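In what follows, a single structure is set out as structure tokens and then discussed.
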2 protein chains.
Amino acid sequence: MEAPALPLDTILIGDCVAELEKLPPASVDLVFADPPYNLQLQGDLRRPDQSLVDAVDDAWDQFESFSAYDAFTRAWLLQVRRVLKPTGTLWVIGSYHNIFRVGATLQDLGYWILNDVVWRKTNPMPNFRGRRFTNAHETMIWAARGADSKGYTFNYEALKAGNEDLQPRSDWLIPICSGGERLKGGDGRKVHPTQKPEALLARVLLSASKPGDVVLDPFFGSGTTGAVARRLGRRFIGVERDRDYAAAARARIDAVTPEAHDAIVAAPAKREAARVAFATVVERGLVKPGQRLVDERGRHEALVRADGTISNGTVVGSIHRIGAVVQGREACNGWTFWHVPGPAGLVPIDSFRDALRAEGA
Amino acid sequence: MEAPALPLDTILIGDCVAELEKLPPASVDLVFADPPYNLQLQGDLRRPDQSLVDAVDDAWDQFESFSAYDAFTRAWLLQVRRVLKPTGTLWVIGSYHNIFRVGATLQDLGYWILNDVVWRKTNPMPNFRGRRFTNAHETMIWAARGADSKGYTFNYEALKAGNEDLQPRSDWLIPICSGGERLKGGDGRKVHPTQKPEALLARVLLSASKPGDVVLDPFFGSGTTGAVARRLGRRFIGVERDRDYAAAARARIDAVTPEAHDAIVAAPAKREAARVAFATVVERGLVKPGQRLVDERGRHEALVRADGTISNGTVVGSIHRIGAVVQGREACNGWTFWHVPGPAGLVPIDSFRDALRAEGA
DNA sequence: CGGGAGCGTGAATCTCCAT
DNA sequence: TATGGAGATTCACGCTCCC
């Protein structure tokens, strides 16, 4: 009996497990999956200006329990593993709400993790209540079918050449999807609540697939995977339950102009802005807690604290804030204002920042 | 029966589950855990000739290995949860080999994840074979005892002040432990294979504990947690099975000089400042009854009443309530919203509260 | 057409105390 | 334990509007 043909460059409408069951085994080169994160949000969240955050409260993200989510995860991971070629690999993206469960489940099913890759966001949503760290990253797991998998695609040389001849690392700095790239409906509202940036998908496809490869996305959503696949000369298969999402994705992909064949190489990574905090200078021991800082003319002084704040004896705050306070000004650049007294004279604390930047470069 | 005393600033020699069982419940403020990655897996999955066992087709063997690791993880996480105070939090560090299993297990046990934090290494070990991304990070999970946990320590203001007045993010850039900080034995070889950098522990303790807090490390190893705890004025309890590690850690910690008290006391957060009622401001005559209040743009106004309430002409209520009412909003911080018009411009009523606080200090 | 102020918004498990 | 009120809390961008 003839194997069913692959529905290339197609969006299949339906539940991903049911749709994947119809695909032939060992037929897909790469899978990118952005499953529901199972967020468990309590009430409304408001910004400090009282505006309401548009939360992800869609029905597709609701699960009864962890075990219900685990069963769902296991089911789609099993089907994905079936349709993956022996040389194929899987990427899954998630946040701390779900990624640990996904990772444990895929290990249980025999997948072999190659890397976990951190997507660092240049512009994450801030933490409005100041009770946690700003959630500034998401996690991707890159896995082969099994521990003995050989021959998977990893375009190491191209990635290295595009990264100033440095090895590609497991942490990627990429902005979130916004501006013109973000799909909007006729009402001006976003089409999909969690549209991923094309730059992220581009780096995934350029890292772990070749032109002509078949890329499957079982949670197609607004179709970023399809749009990037088409642009980069890959074939795609999308599965999406929601007809509105699928229609928007189809229109989006049809509007994509594929890159010329010789242009499909890894783009050079953007040079990362080296922002150094004073807390880091203290943390690394370049300036010690308890150190006395003075201004250039010796009129003002302050003491360094272990957490990278400084104190003028009455107020504790940042190097900038305290610099402003002691001068009775609105603002002050603490990096140039404060100095460490030494045997050879005053050393501006900015010089320690330079040292850290040089080290990071 | 009297509760057993806490063995403060002590290294307990033994299995961590057995040793934790001896500690009283709800007695520890912070736990930092650096558990073994693959307790049994590594040995079990390699043949004597070091070739990999075909784990994909040998589900039984694989299940056994992961299952044993999960049981171990569950056991120590349960004990840690027992000894944590209701306001206490847990940090666990791991890599993709184990962190997904640890994360899923701690969620199953009822812990509530606050953040996952990525330790980005400035100088990771390169990937020699060019078949994966350079593994340039490790993952930490920060979790409270449960979803309803309140009152955990997070020194938000200090972290923000030490970070260029920007709120702290979930991705941290810190070098690996090397150079003089790395403990070496008499033979010049490293004492412990996975010694963590003190800068990492310092940021954990400065983020989520206060001076005098009790910090427990159930996998004490070379004692980085204890050394940093001592330096930053925290108490520690370490548990370590290996006597050599424990001895090296003890010597290391004894050589640590604690920071001066001024350098480590937490900066007072605004939310912890003494409460001042607006009625007190009126009572003291800083704002007179009958005074007209306006918002920053002069769009809204209200009149002060002798009892510390204000009125917009139709409704009487607190500065917060009336601020919300005039804007048609759910909530409003009246202290920053309302101003007293003066010859030199608008004076926020918050400044009168500051004056009373300064007077009380 | 340029520049700047102002506004909108993003996968979010986002308070604490007194009664 | 549940409820209600006080009051603390945001960063990077892209877009619109106005001068």
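In what follows, chains carry the letters A, B, and so on, assigned in the order in which the sequence lines appear, proteins first and then strands, with residues in each chain numbered from 1. If you're wondering where the values come from, they're calculated on a predicted model, not measured in any experiment.
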Item checked: base_contact_polar (D/dG7 base, B/R321 side chain, donor-acceptor, <3.5 Å) -> no

Margin query: Check this for me: does the side-chain of A/K196 come within 3.5 Å of the base of C/dA11 through a donor and an acceptor?
Written below: yes

Taking [M] as the reference, what is the distance to [N] when you measure between their [atom1] atoms (whole Å, please)?
| N | M | atom1 | result |
| --- | --- | --- | --- |
| D/dT16 | C/dC1 | P | 15 Å |
| C/dT9 | D/dT10 | C1' | 11 Å |
| D/dG7 | C/dT19 | P | 14 Å |
| D/dA8 | C/dA18 | P | 15 Å |

Checklist line | B/T139 side chain to B/W119 side chain, donor-acceptor N/O pair below 3.5 angstrom | finding: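 Looking only at side-chain atoms, B/W119 and B/T139 do not form any donor-acceptor pair under 3.5 Å.
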
Next item on the list: Under 4.0 Å between any heavy atoms, over every strand shown, what does A/G180 touch: base, sugar-phosphate, or nothing? Just pick one.
Entry: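 Here A/G180 touches the backbone only, sparing every base.
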
Margin query: Students often get this wrong, so: under 4.0 angstrom with heavy atoms, is B/E157 touching a base, only sugar-phosphate, or nothing?
Written below: sugar-phosphate

Check: When the ring planes of A/F219 and A/W76 are compared, do they come out parallel, tilted or perpendicular, using 30° and 60° as the limits?
Finding: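 Answer is perpendicular, since the angle exceeds 60°.
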
Next item on the list: With DNA chain D as reference, determine whether A/T134 or B/H320 sits nearer its 5' end, using the nearest nucleotide of each.
Entry: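 Counting from the 5' end, the first nearest nucleotide belongs to B/H320.
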
Notebook entry, point to check: Counting side-chain heavy atoms from C-beta on, which of C/dC14, D/dA8, C/dA11 comes nearest to A/E138?
Noted result: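 From the listed options, C/dA11 comes nearest.
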
